Amino acid sequence: MRDKRMTADEVVGGIKDGMTVGIGGWGSRRKPMTLVKALLRSPAKDLTVVTYGGADAGLLCAAGKVRKLVYGFVSLDSIPYDPWFKRARETAAIEVLELDEGMFQTGLRAAGHRLPFLPIRAGLGSDVLKHAPELKTVRSPYDDGEELVAMPALKLDVALVHLNRADKHGNAQYLGPDPYFDDLFCLAADRRYVSCEQIVETFDGPPQTLLLNRMMVDGVVEAPGGAGFTSCVPDYGRDEALQREYATAASDLEAWPEFYERFLG
Amino acid sequence: MSDITRAEVCVAACADLFLGAGETLASPMGLIPSLGAKLARLTTEPDLLLSDGEAFLLTAESTVEGWLPYRKVFDVVAHGRRHVVMGANQVDRFGNQNISAIGDHAKPTRQLLGFRGAPGNTVNHRTSYWVPRHSPRVLVEAVDVVSGVGYDKAVGPFHDVHRVVTNLAVLSFDTPDHSMRVLSVHPGVSVDEVQKQTSFPLVAQDVVETRLPTDEELELIRTKLDPGGKRDKEVPQ
């Protein structure tokens with residue numbers, strides 16, 4: 001079996017200007033922050049970033065990497081708003097596709113299933129469609145004739161996810177309570193990279209926790225602490241103090257450069 | 001029991017949102033709705049399902065009775081056995097809600113969370129709102145961005161915006177044109193005050209006073225659900 005171990009820099013070396021990058025996790029939970037940091041240091045720009053957003057979205061906006069952000073929300077969970085995302089929006093520095101959370105999942109599923117779209121009721125009547133005129137509706141061909149949103153596939157060039165354990169072949173395991181949508185990000189992407197707290201020879205725990213299999217993964221990065229200040233239970237909880245430091249610095253353009261330099265390390 | 005606080009009235013009003021819900025997933029956002037849902041389960045609605053805010057369903061005794069990660073929450077949303085109580089940066093006379101952005105969506109004066117699950121919730125199952133600071137800035141004539149869908153934009157077979165509970169009153173939409181009506185004002189609040197704190201004309205016929213929590217409910221709120229008294233910080237007297 002193939003050995004897919006690589007470094008974070010090798011992962012982002014394949015990310016070219018203009019690509020669409022999906023980032024796993026949810027809010028400030030199990031974000032692949034080591035991979036995001038490598039992306040921040042890389043020359044890649046004009047990215048379309050697809051994320052249930054946390055500080056990953058804010059940091060990439062801060063670094064000017066984002067041409068377009070696709071999201072259902074951006075939040076640091078214990079801190080409601082990400083200051084850099086707010087600034088990027090309020091200065092219209094980025095294009096956006098703002099979706100309902102369920103539409104977002106449906107778009108990933110459509111991409112993973114190689115379908116042009118999947119129908120969903122969410123979005124109807126709301127301003128999601130008003131602010132995203134590229135989204136269309138479809139009418140049920142059956143007797144009910146109901147009009148539904150035709151959520152287009154959210155196809156990704158690259159998926160970046162962080163799990164608790166992986167083997168060198170790309171099988172990977174989550175040990176926390178929620179898989180989030182990391183498997184769907186991988187299925188929706190052409191190239192799929194997982195970082196993990198630890199590379200193991202064999203897995204402990206129920207096989208149902210093996211969220212990713214090696215068909216779904218092209219590269220494995222061993223990155224202890226790789227979720228940064230976001231939570232990665234049971235290995236560690238969110239580093240609230242560091243997250244607060246990030247949010248405070250992000251709110252203050254004078255304080256930001258010092259924090260950012262130290263943060264990138 | 002005496003010295004019943006406004007927060008405790010709001011908790012009981014939130015509990016009443018779930019009357020008749022039965023085996024339904026209650027998804028309360030924020031402290032007061034969460035206390036309300038837990039209170040309902042300990043009193044009138046023992047069959048309610050409640051999550052820990054992460055991925056587990058917990059019984060009233062805090063033992064795990066189920067697994068509900070986000071992806072399965074989306075299944076419940078679409079399936080419909082759910083009553084969500086969301087916050088609202090703005091809510092208007094037909095129950096449209098905004099948690100996305102203030103101002104023009106293309107370049108907002110204030111970016112908020114984003115649509116989150118509001119569009120899907122409101123076309124799939126019963127939705128209520130909790131407003132801890134009832135003011136003309138929150139109760140607006142028309143929201144800047146429609147996140148949760150109101151009655152004038154309702155589509156599909158499952159739209160059901162139930163009530164808005166605020167620190168001043170309980171409001172509903174059971175009027176001929178589904179415009180907002182004052183159902184009850186909290187003890188010590190007048191209908192005039194509620195109207196003054198609202199940017200659009202409210203229907204205000206047959207307004208009653210919001211009920212006080214019972215002795216049993218107060219005991220549960222004060223000794224079991226919120227012994228630290230966080231509720232009174234969210235809703236000052």
Side-chain angles (χ1 to χ4, degrees), chain A residues 26-27 29 52-53 57 69 71-75 77 80-83 85-93 95-96 98-106 108-109 120-132 137 144 146-149 174 176-181 183-184 208 231 233, chain B residues 51-56 64 67-78 80 87 89 94 96-125 143-159:
Chain A
W26 172 279
R29 301 169 200 199
Y52 285 111
L69 192 69
Y71 60 97
F73 62 85
V74 176
S75 173
D77 294 332
Y81 303 120
D82 180 284
F85 166 67
K86 268 178 74 73
R87 186 175 293 120
R89 286 283 289 134
E90 290 164 12
T91 58
E95 268 179 63
V96 299
E98 184 176 313
L99 298 166
D100 166 88
E101 293 166 358
M103 294 173 74
F104 186 112
Q105 178 196 228
T106 298
L108 289 181
R109 282 196 195 279
I120 185 169
R121 211 172 262 118
L124 297 171
S126 77
D127 280 353
V128 173
L129 302 187
K130 177 174 150 189
H131 298 302
T137 61
D144 57 272
E146 189 177 348
E147 189 182 28
L148 300 161
V149 172
Y174 76 104
D178 198 318
Y180 309 121
F181 301 88
D183 50 342
L184 302 187
Q208 297 91 315
S231 75
V233 290
Chain B
S51 95
D52 62 352
E54 300 279 334
F56 297 126
V64 175
W67 181 57
L68 206 69
Y70 287 116
R71 63 180 62 196
K72 284 168 70 96
V73 173
F74 294 157
D75 289 339
V76 179
V77 169
N89 298 85
F94 293 108
N96 296 288
Q97 168 246 30
N98 177 16
I99 50 171
S100 170
I102 302 296
D104 176 8
H105 190 267
K107 189 181 178 186
T109 52
R110 193 152 74 89
Q111 172 66 38
L112 306 169
L113 290 170
F115 286 115
R116 292 231 67 152
N121 292 340
T122 44
V123 296
N124 278 303
H125 57 66
V143 298
D144 294 350
V145 180
V146 177
S147 307
V149 180
Y151 280 96
D152 57 335
K153 299 185 171 63
V155 282
F158 306 119
H159 180 266

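Naming convention: chains lettered A, B, ... in sequence-line order (proteins, then strands); numbering from 1 in each chain. Only this structure's heavy atoms are used, side chains among them; waters, hydrogens and symmetry mates stay out. Keep in mind it's a predicted model, so treat the numbers as computed, not measured.
- Note that the CG atom of Asn121(B) and the CG atom of Asp100(A) stand 7.5 Å from one another [nearest 0.5 Å].
- Heavy-atom distances place the backbone of Thr91(A), and not its side chain, under 4.5 Å from chain B.
- No other option in Ala55(B), Pro119(B), Ser147(B), Ser100(B) has as many heavy-atom pairs under 4.5 Å with chain A as Pro119(B).
- Across every non-hydrogen atom of Pro157(B) and Arg121(A), the tightest pair is CD-NE, 4.1 Å.
- To the nearest 0.5 Å, the span separating CZ on Phe56(B) from CG on Asp178(A) amounts to 9.0 Å.
- Neither the backbone nor the side chain of Ile120(A) comes within contact range of chain B, judged by heavy atoms closer than 4.5 Å.
- With a threshold of 4.5 angstrom between heavy atoms, Ala118(B) approaches chain A through N, CA, C or O but not through any side-chain atom.
- Comparing Gly120(B), Pro108(B), Ala101(B) by how many heavy-atom pairs each has under 4.5 Å with chain A, the most go to Pro108(B).
- Side-chain contact check for Tyr180(A) versus Tyr70(B): some heavy-atom pair is nearer than 4.5 Å.
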Self-check item: Verdict with reasoning, His105(B) to Lys130(A), per side chain to side chain contact (heavy atoms under 4.5 Å, CB included)
Solution: CA-CA 10 Å; His105(B) 190 267; Lys130(A) 177 174 150 189; over 6 Å; no

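- Using a 4.5 Å heavy-atom threshold, the side chains of Pro177(A) and Pro69(B) count as separate.
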Quiz prompt | side chain to side chain contact (heavy atoms under 4.5 Å, CB included) evaluation trace for Lys107(B) with Glu90(A) | solution = CA-CA 5 Å; Lys107(B) 189 181 178 186; Glu90(A) 290 164 12; over 6 Å; no

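- Comparing Val73(B), Asp104(B), Val149(B) by how many heavy-atom pairs each has under 4.5 Å with chain A, the most go to Val149(B).
- Rounded to the nearest 0.5 angstrom, Gln97(B) CD and Ser126(A) OG are separated by 10.5 Å.
- Only the backbone of Asp144(B) comes within contact range of chain A, with at least one heavy atom under 4.5 Å from a heavy atom of that chain.
- Scanning both residues, Ser75(A) and Arg116(B), for their nearest heavy atoms gives CB-NH1, 4.5 Å.
- With chain A as the partner, the residue from Ile99(B), Leu112(B), Val77(B), Asp152(B) showing the most heavy-atom pairs under 4.5 Å is Leu112(B).
- Relative orientation of the Phe74(B) and Trp26(A) rings is tilted, given thresholds of 30° and 60° on the angle between their planes.
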Quiz item: Can Gln111(B) and Arg87(A) be said to form a side chain to side chain contact (heavy atoms under 4.5 Å, CB included), step by step?
Solution: CA-CA 8 Å; Gln111(B) 172 66 38; Arg87(A) 186 175 293 120; over 6 Å; no

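- Both the backbone and the side chain of Glu98(A) come within less than 4.5 Å of a heavy atom in chain B.
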Exercise. Determine, step by step, whether Asp183(A) and Arg71(B) satisfy the side chain to side chain contact (heavy atoms under 4.5 Å, CB included) criterion, reporting the C-alpha distance in whole Å, the side-chain angles of both residues, the deciding distance to 0.1 Å, and the verdict.
Key: CA-CA 11 Å; Asp183(A) 50 342; Arg71(B) 63 180 62 196; 2.6 Å; yes

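- In this structure, the separation between CE on Met103(A) and CZ on Phe115(B) is 9.0 Å, given to the nearest 0.5 Å.
- Distance check, rounded to the nearest 0.5 Å: CG of Asn124(B) to CG of Leu124(A) gives 9.5 Å.
- Distance CZ/Arg110(B) to OH/Tyr81(A): 6.0 Å, rounded to 0.5 Å.
- Contacts between Val149(A) and chain B at a heavy-atom distance below 4.5 Å are absent for every atom of the residue.
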